[in-house]
Enquirer: 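First the structure, then my questions, so here it is.
Just so it is clear: chains get the letters A, B, ... in the order the sequence lines come, proteins before strands, and each one is counted from 1. Any value given below was found using the heavy atoms of this structure, including those in side chains, with hydrogens, waters and symmetry copies removed. The structure displayed is predicted, hence computed values, not measured ones.
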There are 2 protein chains.
Amino acid sequence: MPDGPKVDTPSAAESEVAADARELTRHRVVEAAADLLAREGRDAVTTRAVAAAAGVQAPAIYRLFGDKDGLLEAVAEHGYDAFLAAKHVDAHSRHPVEDLRAGWDLAVEFGLTNPELYALMYGEPKRGTTSAAFHAGMQILVGRIRRLAAGGWLRVDEKLAAALIHATARGAVLTWLSLPDDQRDPALLTAMRESMVAAVTHEKPAVQDAGPAGAARTLRALLPEQTTLSSAEQHLLGEWLDRLASDG
Amino acid sequence: MPDGPKVDTPSAAESEVAADARELTRHRVVEAAADLLAREGRDAVTTRAVAAAAGVQAPAIYRLFGDKDGLLEAVAEHGYDAFLAAKHVDAHSRHPVEDLRAGWDLAVEFGLTNPELYALMYGEPKRGTTSAAFHAGMQILVGRIRRLAAGGWLRVDEKLAAALIHATARGAVLTWLSLPDDQRDPALLTAMRESMVAAVTHEKPAVQDAGPAGAARTLRALLPEQTTLSSAEQHLLGEWLDRLASDG
DNA sequence: ATCAGGCATGAATCAATGATATCGCCAACC
DNA sequence: GGTTGGCGATATCATTGATTCATGCCTGAT
């Protein structure tokens, strides 16, 4: 059973130049594989073809990535990073809902720009759970969702919002890529996006006043309507909300 | 170059019993492959394993289906037909929009019930264009869309509606299957469905009144900023807010 | 400066798999 | 009854993922 790619262990006496060389060949192999994938499709990405394109021997791939799946994983991560680096995302926009749209568009654009890579990452369901690139992509959205929530725009749970954003983007991209060129209607993408925005956000923020105090005031007023907390919990919650409301 | 599966040609002199026998073995092979796929996953579906399970020789598969892709295509079509036959869809319901919901639910249920098969059919984008099962699945929705259009419920183009329905279902299923069991929230499916309904039809969405959930979500996101409560109080408050936020 | 050890290199190699070739038999058609 | 065509069966080829093994180099210690 292979231990996976060798990594620097604290006890290992490994020179830095060797580690650098290793990182260099690793990068070369990943780029060769990514190029092969984008240029000739997934079936062209064989260990032999990658090794030949990168100028290394076949066993080197297994030393570097453990197995072919490890290589593909590295390719996915590299492709995603490269795309994000090229787009230099501007973190803040005027409106959090606009940020949401921009984030969704970005995810979709990644799929449309790198169809083979996207199919690799999000085609087979099983890969989703373990992929590092999967979480990396989600993480970008989490920050925007948090700001939506802070502004009182979020219509649903944060986790549900993340799932909705991802699912709509995934369906939009895969469906788009499935369609022949002459049937690809850009309206599909905008419709999916706006549908997602409507599902995830309110038209008006649920809280008028900004900051924790404002949110606490709003929740305090609506507290009698809730049915999930016990009366004791509700009572204590009410006191805390009063303190928070008077804090600002 | 294989001509694909042999079919009855008008000029061919082929006895009916031979054709029946052919159909029988064909069916047996398809079922063996489908069983293998559902039971042991896609990687277990090798030509040898299928041939052994069906009690035929490996070359028989190629005589019947042309190549492995033809076999998988047949498996997809068979699986879809079998699912629809088992559900005996009632064609007409009281309301065309309800029909739309039912059709979407059906498509999603198919995916959740046959994850491996669904990944086979809708995982890789390229397969979508040529697959017969792909069009068969779409065709069922087209009828319902037509009735929506006849009733004046359709908000968008019929083709766009079909694409939207398919894309939302595809994203919902693949995302659902990607999530580990403990993170699968049924609300994702209903939210995706209602989002689709809102995008496709004129039915006005049930305006869920704000309620405490929205304010709870807002306060939850802003909780780290508050300075009034102790960390223990904040922790417990966070848990309550999570419960309130996911209530709506 | 010398030497021991580990690690990468390079070739060969294994096992699994998709896909065919070939041969013979049996049944159906003329 | 002869012939043709399809099917069963065995063997086989080519590709590909993955591994083994011996060799040699380079690092780091003595």
Enquirer: Could you state the interatomic distance from CG (B:L188) to CH2 (B:W176), rounded to the nearest 0.5 Å?
Expert: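 These two atoms lie 7.0 Å from each other.
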Enquirer: If I take atom CG from residue B:L106 and atom NZ from residue B:K87, how far apart are they, to the nearest 0.5 angstrom?
Expert: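 B:L106 CG to B:K87 NZ: 7.0 Å, rounded to 0.5 Å.
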Enquirer: Tell me: CD1 of B:I61 to C1' of C:dA21, nearest whole Å?
Expert: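 Interatomic distance, CD1 of B:I61 to C1' of C:dA21: 17 Å.
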Enquirer: Return the residues of residues 41-56 of chain B meeting this criterion: a heavy atom under 4.0 Å from some atom of DNA chain C. Order them by number, or give none.
Expert: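 B:V45, B:T46, B:T47, B:R48, in order of number.
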Enquirer: Output the rounded distance in Å from CG (B:L64) to C1' (D:dC7).
Expert: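 Going from B:L64 (CG) to D:dC7 (C1'), I get 10 Å.
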Enquirer: Send over the distance from B:Q57 CD to C:dA21 C1', rounded to a whole Å.
Expert: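 Distance check: B:Q57 CD to C:dA21 C1' gives 15 Å.
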Enquirer: Given atom CZ of B:R26 and atom P of D:dG8, what is their separation to the nearest angstrom?
Expert: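 These atoms are roughly 14 Å apart.
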Enquirer: Rounding to a whole Å, what distance do you find between B:D69:CG and C:dA19:C1'?
Expert: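 Distance check: B:D69 CG to C:dA19 C1' gives 13 Å.
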Enquirer: Quickly, which of A:V75, A:L71, A:L24 forms a side chain to side chain contact (heavy atoms under 4.5 Å, CB included) with A:V29? Name it, please.
Expert: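 Checked A:V75, A:L71, A:L24 against A:V29; only one passes side chain to side chain contact (heavy atoms under 4.5 Å, CB included): A:L71.
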Enquirer: From OH of A:Y62 over to P of D:dT16, roughly how many Å is that when rounded to an integer?
Expert: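 For the pair A:Y62 OH and D:dT16 P, the rounded distance is 12 Å.
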Enquirer: Taking atom C1' of D:dT19 as reference, at what distance in whole Å does atom CZ of A:F65 sit?
Expert: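 Roughly 18 Å, once rounded to whole Å.
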Enquirer: Is there a donor in the side chain of B:R170 and an acceptor in the side chain of A:S178, or the other way round, less than 3.5 Å apart?
Expert: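 Side-chain D/A pair, B:R170 to A:S178: present.
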Enquirer: For the ring pair B:H78 and B:F83, is the centre-to-centre distance below 6.0 Å?
Expert: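 For B:H78 and B:F83, the ring centres are not under 6.0 Å apart.
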Enquirer: Given D:dA18, C:dA19, C:dA8, identify the nucleotide with an atom nearest to the side chain of A:R63.
Expert: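 Taking heavy atoms from C-beta onward, the closest nucleotide is C:dA8.
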Enquirer: Do the charged groups of A:K159 and B:D185 touch, with an N to O distance under 4.0 Å?
Expert: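 No salt bridge links A:K159 with B:D185.
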Enquirer: I need the NZ-P distance between B:K68 and C:dG18, as an integer number of Å.
Expert: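 It works out to 4 Å between those atoms.
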